[in-house]
Every structure is written in C-alpha cells, then in structure tokens.
Enquirer: 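Sending over a structure as structure tokens; questions will come in a sec.
FYI, side chains are in, hydrogens and waters are out, and symmetry mates aren't considered; it's all heavy atoms of this structure. Start at 1 with the first residue, then count along the sequence.
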Amino acid sequence: MQVIQAHNGLLPKPSLQAKPSSLVPLENPVTIRCQGPPGVDLYRLEELRSGMYKDQAVLHISAMKSSFAGCYRCSYKNGTGWSPPSDWLELVATGVFPKPSLSAQPSPVVSPGGDVTLQCQSDHSFDQFALYKKGDTGPSKRPEKWYRADFPIITVTAAHSGIYQCYSFSSTSPYLWSAPSDPLELVVRETSVMPSWLPTEAPASITEPSRNITIFPEGSSSPVGLTHQYYTKGNLVRICLGAVILILLAGLLAEDWHSRKKPLLLQVRAVQRPLPPLPQIQKAQSGQHGG
C-alpha cells in the first residue's frame, strides 16, 4: 500500500543532473547526482541500456568512456515506500567522430524579422544532427537527410543572437556523438538610429508643370532645405564683406583724388594772380639821374 501511495505522489520524484554537463567529451570527468528530500533512506541509480543499477546517489566518472554513455534515472526509498523515478538523463559522449561544419545561410548577420538557416554538414553518413546554442539547457535535434541537416530560424529576434555549435551522430548509437563544430556566432543587427531630420523612406516627388515638390515625413526637416539655409547665410556673409571692401576702396579712391586736386587748384590760382605794380619811387629816381 505504501508503494502505491508513493507513486500517487506522496513522495516527490527526485531530480537527476550531470555536472558540468550531460555532453561529455571523451576522457573528461563528469558527476551524476540524484537529489531527493532530506532524510532519504536509500537512493538507487540505474542505467537503461544495461539494466544495471547501484544503490547510491552519486556516480563520479573520472574519465568519460563510450561505455558510460547512455540513459540514466534514479529513485529513492523512505521506509518501505519508493518514490517515482526521476526524469531520464541522457549522458552523451562527444568527440567519438570527427566534427561537422556549421554555416548560416544566407549570412550569419541577420536583421530583426528576417529568416536564416543554420546548416550542419558532415563528411560521414550520419542521419541525426543536434544544434546547441551557448547558454541553452537543451539541444535542437533533427533527423535529416544523410550528411546534412537544416535548422531554419523564422522571424529572427534579438533573442536568437548568440554562439551555436552542432553535432552529428547515428540513430543506431544515439549517445555517441561527434566532436562539436567550430562555433558560429549569429548576429542580429538592430536597425541603426537615424537622425530625426533624415527621412526614413525615400522622398516621394510630385511633378507639376511649373515646379517640383518634394514631400518628407511629417515632423521632419528637409536636409536640402537646411543646406539651402546654410548656403543663403554664407552668401549673405560674403555680400556684406564685399560691400565693406567696396566702401573702403571707394573711401581710399576719394581720399587719393582729393589729395591730388589741392595742388592743382593752388597752381591754377598762382597763374591767375595779377603781377604787382612797379614801385613809383624807382621811376622818380631814375628821372632825376637823367637830368
């Protein structure tokens, strides 16, 4: 009766985890741990393929081998009742086969809302492929045609950006995988922020018999108008400078002309001045001497 009650949920099922990861390169260490509530009397860890089990909560593997790869689960006992089994844990040995290649079609740089396909390709005739994104808890597995698998991502968002790797393996040996592909970074490039005065769309032109009218989005200023304003201000400055220079030149010319005119007037007046009369005294004296 206690066993039936346990399976009806009186005892919560334990959790089973592999640290640091359930994908273990050959010759690397890994630890499998079964975790139940406090006060557990007995843990049992079993492997599905061989049917073997051990009454222990922790299995430490110092160097991963192909023989350790498989599907594990655990349970625990309190009194005479057993808990429900944990979820299955797939322990995968990687690096058993050469790595595949991973590419992004048409490009690893995608705009938000666009589509991209991650393509995993192997030189060997594998019929199973798995795609992993760094930071995710599980892979995306896809049985595909021989040698290649396509992983389409429709309507890309910023959440899809990140580092991806893929694996290849055979359905006859589902826990023996290839080495991971070289990392591929998928970049989701946000739309660049444009200045408020630049139109986000090409301006529409309405042609009339006498003029061309360019329409820009409401609330924006035409860059051509701003350029025209800049040219107008520059022309005004040039005109003012030119006027000042002309005034200065006119003043210099007037001053020069005035300075040349004064000696001429004096000379003319000197010519027009009448000769002084001869002294009368001198004439009288000359008469007396003659007499």
Side-chain angles (χ1 to χ4, degrees), residues 16-32 47-50 61-73 87-192:
L16 185 62
Q17 293 181 328
K19 297 294 184 181
S21 173
S22 60
L23 296 183
V24 190
L26 291 176
E27 303 303 325
N28 280 26
V30 64
T31 299
I32 300 175
E47 199 272 317
L48 178 63
R49 182 177 57 177
S50 63
I61 301 172
S62 58
M64 184 65 179
K65 307 291 184 183
S66 298
S67 58
F68 291 120
C71 198
Y72 293 80
R73 70 177 183 179
D87 296 332
W88 289 105
L89 171 68
E90 295 181 344
L91 190 67
V92 176
T94 65
V96 181
F97 307 106
K99 66 182 179 181
S101 62
L102 182 62
S103 61
Q105 304 297 333
S107 171
V109 180
V110 194
S111 298
D115 299 339
V116 66
T117 298
L118 302 184
Q119 190 176 91
C120 187
Q121 189 165 354
S122 174
D123 294 333
H124 302 276
S125 56
F126 293 116
D127 62 342
Q128 301 287 317
F129 296 84
L131 179 70
Y132 266 81
K133 179 187 175 185
K134 185 177 181 180
D136 285 358
T137 56
S140 299
K141 293 183 182 179
R142 182 174 293 274
E144 276 290 346
K145 53 190 175 183
W146 301 95
Y147 303 103
R148 194 185 76 188
D150 293 335
F151 296 87
I153 303 177
I154 309 299
T155 313
V156 171
T157 65
H160 291 110
S161 61
I163 307 296
Y164 290 82
Q165 288 180 295
C166 74
Y167 299 82
S168 56
F169 58 99
S170 173
S171 56
T172 59
S173 301
Y175 306 115
L176 301 178
W177 289 13
S178 69
S181 67
D182 292 332
L184 172 69
E185 183 177 8
L186 185 65
V187 178
V188 180
R189 179 171 295 169
E190 296 289 347
T191 304
S192 59

Enquirer: Under 6.0 Å between the ring centres of F126 and F97?
Expert: yes
Enquirer: Determine, stepwise, if the pair V116 / S107 fulfils side chain to side chain contact (heavy atoms under 4.5 Å, CB included).
Expert: CA-CA 7 Å; V116 66; S107 171; over 6 Å; no
Enquirer: To the nearest 0.5 Å, how far apart are SG in C166 and CG in L102?
Expert: 4.5 Å
Enquirer: With a 4.5 Å limit on heavy-atom distance, are the side chains of S122 and R148 in contact?
Expert: no
Enquirer: Could you state the interatomic distance from CD (Q105) to CG (D115), rounded to the nearest 0.5 Å?
Expert: 13.5 Å
Enquirer: What heavy-atom pair brings L91 and A18 nearest, and what distance separates the two atoms?
Expert: CD1-CB, 4.2 Å
Enquirer: Closer than 4.0 angstrom, basic N to acidic O: yes or no for E27 and K65?
Expert: yes
Enquirer: Give, for atom CG of L184 and atom CD of Q119, the distance between the pair rounded to the nearest 0.5 Å.
Expert: 11.5 Å
Enquirer: Rounded at 0.5 Å granularity, tell me how far OG1 in T94 sits from CG in N28.
Expert: 7.5 Å
Enquirer: For S171, does its backbone N or O pair with a side-chain atom of D127 as donor and acceptor, under 3.5 Å?
Expert: yes
Enquirer: Which atom names give the shortest non-hydrogen contact between E90 and C71, and what distance separates them?
Expert: CG-SG, 4.3 Å
Enquirer: Using atom types as modelled and distance alone, determine if a side-chain donor or acceptor of S178 lies under 3.5 Å from a backbone N or O of S168.
Expert: yes
Enquirer: Which pair of non-hydrogen atoms, one from F68 and one from A63, has the smallest distance, and what is that distance?
Expert: CE1-O, 3.9 Å
Enquirer: Are there over 12 heavy-atom neighbours, none belonging to D136, within less than 6.0 Å of that residue's CG?
Expert: yes
Enquirer: Would you mind checking if K99 and D182 are paired as a salt bridge, meaning a charged N to carboxylate O distance below 4.0 Å?
Expert: yes
Enquirer: Please check if the side chain of S173 supplies one atom and the backbone of S170 the other of a donor-acceptor pair under 3.5 Å.
Expert: no
Enquirer: Please tell me if the side chains of L186 and S161 come closer than 4.5 Å, counting only heavy atoms from C-beta onward.
Expert: no
Enquirer: Side chains of L118 and Y164: closer than 4.5 Å at any heavy-atom pair?
Expert: yes
Enquirer: Where is the tightest heavy-atom contact between V188 and H160, given as atom of each residue plus distance?
Expert: CG2-C, 4.4 Å
Enquirer: Evaluate F129 against F151 for side chain to side chain contact (heavy atoms under 4.5 Å, CB included), listing each step before the verdict.
Expert: CA-CA 10 Å; F129 296 84; F151 296 87; 4.1 Å; yes
Enquirer: Please tell me if the side chains of V92 and S22 come closer than 4.5 Å, counting only heavy atoms from C-beta onward.
Expert: no
Enquirer: Taking the side chain as every heavy atom from C-beta outward, state whether L16 and I32 have any pair of such atoms under 4.5 Å apart.
Expert: yes
Enquirer: Look at the aromatic rings of Y167 and W177 and report parallel, tilted or perpendicular, splitting at 30° and 60°.
Expert: tilted
Enquirer: Indicate the atoms forming the closest heavy-atom contact of A93 with M64, along with that distance.
Expert: CB-CE, 3.8 Å
Enquirer: Do V110 and I153 have side-chain heavy atoms sitting under 4.5 Å apart?
Expert: no
Enquirer: Report yes or no: does K134 contribute a side-chain atom to a donor-acceptor pair with the main-chain N or O of Q165 at less than 3.5 Å?
Expert: no
Enquirer: Would L48 and Y72 count as a side chain to side chain contact (heavy atoms under 4.5 Å, CB included) if you check the C-alpha gap in whole Å, the side-chain angles of each, and the deciding distance to 0.1 Å?
Expert: CA-CA 6 Å; L48 178 63; Y72 293 80; over 6 Å; no
Enquirer: Between V24 and P29, what is the shortest heavy-atom contact and its length?
Expert: CG1-O, 4.2 Å
